[in-house]
Amino acid sequence: MTDVYVLGIRHHGPGSAHSVAEALASLRPDLVLVEGPPELDQVIPLLSDPQMTPSIAGLIYAADEPRLAYFYPMASFSPEWVAFGWALSTGTQVRAIDLPAAHTFALRMAPAPDGPTTAIDDGDPPVDGAEPPAPMQQPYRPDAIGMLAGAAGYTDPERWWEDAIEHPNTDPVERFATLTEAIAEIRAADDRPSSHPDVMENNRREAAMRRLLRAAIREGHGRIAVVCGAYHAPALVPSGFPPVSADNKVLAGLPKAKVAVTWVPWTSDRLSLRSGYGAGVTAPGWYQHLFTHWMAQEPGTDVSTTWLVRVAHALRREHLDASTASVVDASRMANALAAVRGRPSPGLSELDDAAQAVLCDGSPLPLALVHRELTVGLELGNVPESAPTVPLAADLAATQRKLRWKPSAMEEVLTLDLRKPNQLARSVLLHRLALLGVHWGTQSESGRTTGTFKEVWTLNWEPELTVAVVEASRYGTTVASAAANCVAERAQDAGSLTALSELLASCLLADLPDGIGGVVSVLAERTALQQDVAPLLETIAPLARTCRYGNVRGVNVTGVRKILDTTVVRACVGLPTACAGLDDEAADAMRRAVDSAQQGLILLPDLPPDDWHRALAAVAGSDSIHGSVAGRATRLLLDAGLVDGNDVAATLSRRLSIATPSRQAAAWLDGLISGDATLLIHDRRLLQIVDDWVAGVDDAIFDDVLPLLRRTFSAFSRPERREIGEQVSRIGDKVGIVNQTDLDLTAAGPAVRTMARYLGWEAIE
């Protein structure tokens, strides 16, 4: 006769974990069954490795489609971790019971009724792209804990669980039995039809659990402990089992997929509800504190006082005052709040209220500074090297050890000096991982310096990156070979010259000579066939950056330079013709392309600019080209010192003359001065011409011209607009074009105040 004890737990509940430890120590079962995919059985023995440190997660993924993956997270305060650990430490057999992941993945990949085979959308975010893969999610079911809490008069299910379950004062086995009976009543009231998708999924899972439990009973074990989610507990009590035939019918004909399983590090942050984890908890750090306190069972220690001491230490690290006397006062207040609220002992809400009132002088801001560190936690688990892994992941781990670079769950900003070999190697690794879609680091601006030896990265290792590494393993067995193969594939699929140029620049930063060669060949072919000038112009800047970075990284960019030289020549030859006949939208696109090319060309001082300047001169001197582009070409020539201020003033005067339509004149002016107010501030003649033109615009079309002028001047900084306004106010005095005695200042008041706001002046009374 086999005795079966069902321990219905709350996932990641420290009180549940403590009760499970007590129950197992009391029952001493000879077999422990824990809710989880049976595929975990092959890696459960690794949990006894001394290097295995929670938080960790079982990673189960489809071998043929790694992006289809589930995580099975566990922290040290998770009841599942406690059950596995107790069994392994005592030599007791332990297994996982649930619907095999092979069936789950196959069902997700089942063919739609009217379409090809695709993953079924069950609400989990996809693994690739901006959204991370979801941890092991349970299908929707009624909030049984919420119902029990409501019946007990609680509005917060978390508080009810803590008071009724996680503050034990009875035999743990009895508590679990009582909870199972309560959940059974709630399940009996569930009136959803059996055809409901969530009900079908839940029935499959519980039928699979019962099948494995029946098999364990047939093996002749004397005492079996089953650790499962509280909602499943009533369905796993043997006295209430349905017929075997009914479970077999539910599980008949389920498809299977090939899966792989391993353990991966997890973070406290990913255990929180805010991460999107359906079974997450609001405060992993607090739960860790509770569990450590309960398991230690040290006489004389108080969980609330020790927590407030940690809060005080964290505040002091932020250079905020938190005295010992304040901690004592906060502890007393927390106990008083618990008594007023009818709680057996202070919970996190009472401790937060007390800490805010006493330690933070009533302000919520200091407490927010330490929220992530304490309430959530910054821990990142560790997995031993013996855990199964793909060769690419092994190579990445070896590279990280070689660089003495351990991933951290805490976001950090890292500045790399590329003149140092170790830091250059770190930069190369980050760029290679980025090409593979493993975004361990995000590159940031390096500051005001224009040098190429400095990089700034924001690093944050998310557990989901493990899946990205597995998925990238199809490209190769090492980070370098996989990145090169990935680049070759992306080069063939690139849809534009700009994308190819950016890919080439990334190859250079990632030190991938093989990748550079493949991209260069594709780029040369596409460039030779490209007829449009705008894409050629947009290609210049990425190619120029590639050539410039090659200098500091010691990479041979001769092939890239040949393509750049050819691209520049072709773009210069075709620029005047390509700028003819443009409408407003096309002119804006061409102007952005010209600006991009200019930014690229100034990166390489040794690049002969004669062809480029001749092309700009042809564009600037043509009256048939859209004013926005012609004005920008004039500005670039002026900045290069190829035209003087007198010529620009003359051209501006002609372009803004009464013979030129106002909209065309405004477009030319925008091309000339947009983005930089230096011309108007330091050249009084140009400002005078612009002021005269604005004053002479016909009232009938002023409303059409105003938006373009506003866009032009709004791009200037506030001090620049103020300076322009002050100079305009002095123009009348300097040149004598305004007779002060003829001004009606009272009538002009509203207009003057409006223009003052446009020009960034202080309010005028």
Side-chain angles (χ1 to χ4, degrees), residues 532-534 537-538 571-572 574-599 612-640 642-681 683 685-716 720-721 724 728 758:
D532 294 338
V533 172
L537 291 171
E538 292 171 348
C572 292
L575 181 61
T577 304
C579 291
L582 300 177
D583 58 16
D584 291 343
E585 184 177 352
D588 287 342
M590 181 60 72
R591 196 174 101 180
R592 288 193 298 270
V594 169
D595 285 340
S596 174
Q598 176 68 19
Q599 291 297 322
W612 176 243
H613 291 151
R614 281 194 292 269
L616 292 177
V619 172
S622 175
D623 292 334
S624 61
I625 291 178
H626 195 283
S628 177
V629 181
R632 177 57 66 182
T634 302
R635 176 58 181 274
L636 295 179
L637 292 172
L638 176 63
D639 291 343
L642 299 179
V643 295
D644 59 26
N646 293 328
D647 293 337
V648 173
T651 304
L652 179 63
S653 179
R654 178 172 60 85
R655 289 282 188 172
L656 301 185
S657 68
I658 194 172
T660 304
S662 296
R663 288 184 58 84
Q664 296 181 20
W668 196 92
L669 177 63
D670 180 62
L672 178 70
I673 67 175
S674 179
D676 188 354
T678 305
L679 279 179
L680 296 182
I681 293 175
D683 194 321
R685 293 170 303 169
L686 297 182
L687 183 60
Q688 176 70 65
I689 294 171
V690 173
D691 184 58
D692 291 344
W693 174 75
V694 172
V697 173
D698 189 83
D699 293 343
I701 61 173
F702 186 77
D703 289 345
D704 296 332
V705 175
L706 182 60
L708 184 58
L709 290 175
R710 182 177 294 171
R711 184 185 71 177
T712 302
F713 283 89
S714 65
F716 300 154
E720 289 175 334
R721 296 198 304 270
I724 291 174
V728 169
Y758 287 154

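All values reported here derive from a predicted model rather than from experimental measurement.
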Smallest separation among heavy atoms of [X] and [Y], with atom names:
X	Y	answer
Trp612	Ala597	CH2-CB, 3.9 Å
Ile625	Ala618	CD1-O, 4.5 Å
Ser596	Leu537	OG-O, 4.3 Å
Asp588	Ser628	OD1-OG, 4.2 Å
Leu637	Ala620	CD1-CB, 4.1 Å
Ala633	Val619	CB-CG1, 3.9 Å

What residues form a side chain to side chain contact (heavy atoms under 4.5 Å, CB included) with Ala586, not counting sequence neighbours?
->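 Side chain to side chain contact (heavy atoms under 4.5 Å, CB included) check on Ala586 returns Leu582, Asp583.
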Mind checking side chain to side chain contact (heavy atoms under 4.5 Å, CB included) for Ala640 and listing every partner two or more places apart, or none if nothing turns up?
->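 For Ala640, the residues satisfying side chain to side chain contact (heavy atoms under 4.5 Å, CB included) (neighbours in sequence not counted) are His613, Leu642.
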Tell me, please, which residues at least two apart from [X] pass side chain to side chain donor-acceptor pair (under 3.5 Å).
X	result
Arg592	none
Ser624	Ser622
Asp584	His626
Thr634	none

Measure the shortest side-chain to side-chain distance between Leu636 and Val594 over non-hydrogen atoms and say whether it is less than 4.5 angstrom.
->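 The answer is yes, as the side chains (C-beta and beyond) meet within the 4.5 Å cut-off.
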Side-chain contact test, heavy atoms from C-beta onward, threshold under 4.5 Å: evaluate it for Gln599 versus Asp595 and give yes or no.
->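 Side-chain contact under 4.5 Å: no.
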Roughly how far, to the nearest 0.5 Å, is the CD atom of Glu538 from the CE atom of Met590?
->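 If I round to the nearest 0.5 Å, the distance is 9.0 Å.
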